[in-house]
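Just so we're on the same page: letters track the sequence lines, and every chain starts at 1. Note that the structure is predicted; figures quoted are calculated from it, not measured.
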Amino acid sequence: MTHHLNPHQDQAVKHIEGPMLVIAGAGSGKTRIITHRIVHLLNIGVPAAEILAVTFTNKAAEEMKHRINQLSFKNILTCTFHSLAAKILRESIHLIGFSNQFSIYDEDDSLSLIKSCLKTLGYEDEKSRVKSIKSSISQAKNDLKQPNDLKADSTLSSLDFTIFKSTYSLYQQKLKEYNALDFDDLLFQCVHLLKTSEPARVYYQSKWSFILIDEYQDTNEAQYLLTKLLVQKHQNLFVVGDPDQSIYSWRGANIQNILNFEKDFKNAKVIKLEQNYRSTNHILSAANSLIQKNSSRYEKNLWSALGDGEKVQITTHENEYEESRYVMQRISSHHARGIGYEKMVIFYRTNAQSRIYEDALLKQKIPYVIVGGISFYQRREIKDLLSYLKVAISPSDFISFSRTINLPKRGLGPSFIEKLKEVSERASLPILEVCTKLICSPLSFIECKLTTKQQESLKGYLEVIEYIQNGAKNRIQLKELIKKTIEKSNYLDHLKEDKETYEDRKANLDELITKASEWDEENEELTLEHFLEELSLKSSSEGKNPYHESVKLMTLHNGKGLEFDVTCIVGLEEEILPHVNSKHSNEELEEERRLLYVGMTRAKKHLYLTSSSYRMLWGTPRLMEPSRFLEELDQEHLIYPLKKESFFERREERSTPALSRQSFSEEKSAEDEFRVGSYVIHKDFGKGIIQKAYMTSLGKTYDVFFNDTRSTKSLVAKFAKLKRG
DNA sequence: GGATTCATTCTTTTT
DNA sequence: GAATGAATCC
């Protein structure tokens, strides 16, 4: 950005003491305000060590550090809430009775722990609900509720509640036993620490006299309390956010935190930044017209001095292939006219939608990068290897132990693990120690009869672990440590079992080694613990070179904070955006609207909103309805390049039976009572939609997709008495 | 104990 | 349609 600070920005940057809230609309120079304010603080003599900048993602934290470094040589702590909490707990968690060498469990780790808890409690049948239990636990922790604080909720049946409560309880007990914290615990325990330990509170409250928080609208209860605890002494809290871009309520984010800022912090100053430096006006006005449909918001109106620009282009296509072809065409055409691929983005609501665009881009030989998605550190081979390191550091970490003990196959399968677990629980010994005892003094744990072969392989495993432990102690280079771990464990044997993926996975391991050697160079006194911590908190595999000449593909959630010349938002259909699961409540619906708003406001010059009439969804072809959000956009900023008649006439046309062009149906349906796309009601199955109409030996037959069961049934007309829906 | 096949489930977003 | 889990067979 080349502009100077406008008066509002200047006021924010020059602010020094006391709480301040900056409501920063999309494209109003949010990050710029934070970085400039930090530099301003440094310039007036605030020591770098007293400034703390908190962001929401690792990417944002790194970006901020980078931008500060462009303006100043001083080193400022920029981190995410989670990494801040991890840092604090590493130093001080012993004050509340945990070991400072805890492991951090990611989503997968905690899921498998919850699974095993359910099993222990005898709820075998509840396996399908692991995920919902996980999210309930997560929700409870975000609200800082321990198992005993829970009250039966009207939404849960009493049995469900019992299951939930006891599982949560056992899960916490196991985490402590395994010396592990999950993501939510990092925040939870950190708040707990600051609340209960006076010395910790005093220490951390005076450590940072200036705290800045980005994306404040996304804070949850735990993050809010952590913030409050940390700023209590100095009250120099500077938060920046935009309520209209709050898109993480499903993760516990509480929009009230930003809306109540003035009440929470006495004498808070508020500044609104409403000038947008990113988009041209048709785009901006269209986005404004959408977000104004939300009822609960902090009123503001963005404006831009960048001219009218182009109207927002709306198109509907026959099916998702046509849709992707159109997007390809637009991308190529802009590229031909001189816009680099890296300035273009394709946004979708769900990750599952990315595949068709990958295929299309591959076919067109257009370079692309998927941003977000399956992260490098969540790949199986990487997690396996890191688990080896984790067990070595944290010998009670049962989850990492059971992940690695039989990789490669050592003849030490589930039943062996089960037995060990029992012994370890009964003797309350770390799982690794049980193994050592088993080898050194086999008589003391008689129940575990091992074959000689098993003993040998267990010995082999322990040697690997021992090697890692010694290596860590003697500060061997990480690169060396990882290389040797792969060698000594014969892990590659395991990968070789799947020849298809072997090369890829091996390449990933090589990349891990490369990353490790980069770490070795960057930081001499880096310990293995630090390395593991950093990796467990990092989910995005930020591309090697972010400015690479390639089209970006990502979910709308991943788009926050970015901007693109050419922005395509695809799949604008009911059930996708807004997503099916968000349609029950108005709050969730408003969040979907904000999500689209975030996507639209990424666009600088060209914005495309596309949709399909038919789409393969959950394995079956479905007739899709255009997203309600399209109707909410102010018409004067839109254009429908593919059709002469307006989009709404098309919509009319499609809801009448005279549907002539259907790629998924047969033409025979012309004289039938129901046609493809008609809504019907079945007395047992409820409301449905005709997907296919055809003749069989039994007569007219329809394939009907039923909303209630989300499945398609083939029904013979004369037996199934279908009514018009 | 291990591998293969079959079946079922669940499809949102992520630190 | 993918990915996980259970059942079955070696």
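Atom-to-atom, CG of A/Leu589 to P of B/dT12 comes out at 17 Å; the value is rounded to the nearest Å. Between the P atom of B/dT14 and the CD1 atom of A/Ile104 lies a distance of 20 Å, rounded to the nearest Å. One can place CG of A/Leu596 at 17 Å from P of B/dT13, the figure rounded to the nearest angstrom. The distance from atom CG of A/Leu617 to atom P of B/dT12 is 11 Å, rounded to the nearest whole Å. Rounding to whole angstrom units, NE2 of residue A/His494 and P of B/dG2 are separated by 13 Å. Going from atom CD of A/Glu587 over to atom C1' of B/dT12 covers 18 Å, rounded to whole Å. Distance, A/Arg622 CZ to B/dT11 C1': 13 Å, rounded to whole Å. Protein atom NE2 of A/His579 is 5 Å distant from nucleotide atom P of B/dT12, rounded to whole Å.
Between A/Asp397 atom CG and A/Leu113 atom CG the span is 9.5 Å, to the nearest 0.5 Å. Note that the NZ atom of A/Lys421 and the CD1 atom of A/Ile417 stand 10.5 Å from one another [nearest 0.5 Å].
Applying the 6.0 Å contact sphere to CD of A/Glu358 captures more than 12 heavy atoms from other residues, nucleotides or ligands. Counted within 6.0 Å of CD on A/Gln256, heavy atoms from surrounding residues, nucleotides or ligands total more than 12; the atom is thus considered enclosed.
Between A/His557 and B/dT12, no base-stacking contact is recorded for ring centres under 5.5 Å apart and planes less than 30° from parallel.
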TODO: Evaluate the criterion side-chain hydrogen bond (donor to acceptor under 3.5 Å, both in side chains) for residue pair A/Tyr461 and A/Thr404; output intermediate values, then yes/no.
DONE: CA-CA 9 Å; A/Tyr461 178 78; A/Thr404 49; 2.7 Å; yes
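Ring planes of A/Phe56 and A/Tyr248: parallel class, angle under 30° (limits at 30 and 60°). The aromatic rings of A/Phe164 and A/Tyr168 lie parallel to each other, their planes meeting at an angle below 30°, with 60° marking the opposite boundary.
Listed pair A/Lys131 / B/dT11 fails the phosphate criterion, with no side-chain N or O lying under 4.0 Å from OP1 or OP2. Proximity of A/Thr57 to the phosphate of B/dT14: no side-chain N or O atom is located under 4.0 Å from OP1 or OP2. In this structure, A/Asn581 does not reach the B/dT11 phosphate: none of its side-chain N or O atoms is under 4.0 Å from OP1 or OP2. Dashed line: the shortest gap from a side-chain N or O of A/Asn351 to OP1 or OP2 of B/dT13 is under 4.0 Å.
Residues A/Ser582 and A/Leu412 each lie close to DNA chain B; by heavy-atom proximity, the contact nearer the 5' end of the strand is made by A/Leu412. A residue-by-residue look at A/Glu588 and A/Phe81 shows that A/Glu588 has its nearest nucleotide of DNA chain B further toward the 5' end.
A/Asn406 comes within 4.0 angstrom of sugar-phosphate atoms only, judged by non-hydrogen atoms across all strands, and of no base. As judged by a 4.0 angstrom heavy-atom cut-off over every strand, A/Glu107 is placed among the base-contacting residues. Note on A/Phe56: only backbone sugar-phosphate atoms sit closer than 4.0 angstrom, heavy atoms only; bases stay farther off.
For A/His82, the side chain to side chain contact (heavy atoms under 4.5 Å, CB included) partners at least two apart in sequence or on another chain are A/Thr80, A/Phe183, A/Leu186, A/Leu187, A/Gln223, A/Leu537.
Not a single donor-acceptor contact under 3.5 angstrom links the side-chain atoms of A/Arg251 to the base of B/dT13. You won't find any donor-acceptor pair under 3.5 Å spanning the side chain of A/Trp250 and the base of B/dT12, going by distance alone.
With both ends at atom C1', the span from B/dT12 to C/dG5 equals 23 Å, rounded to whole Å.
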Polar pairs (N or O, both sides) under 3.5 Å between protein and nucleotides 1-4 of chain C?
unit_1: C/dA2; atom_1: OP1; unit_2: A/Arg355; atom_2: NH1; d: 2.4

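For A/Lys409, counting side-chain heavy atoms from C-beta on, the closest listed nucleotide (B/dT12, B/dA3, B/dT14) is B/dA3.
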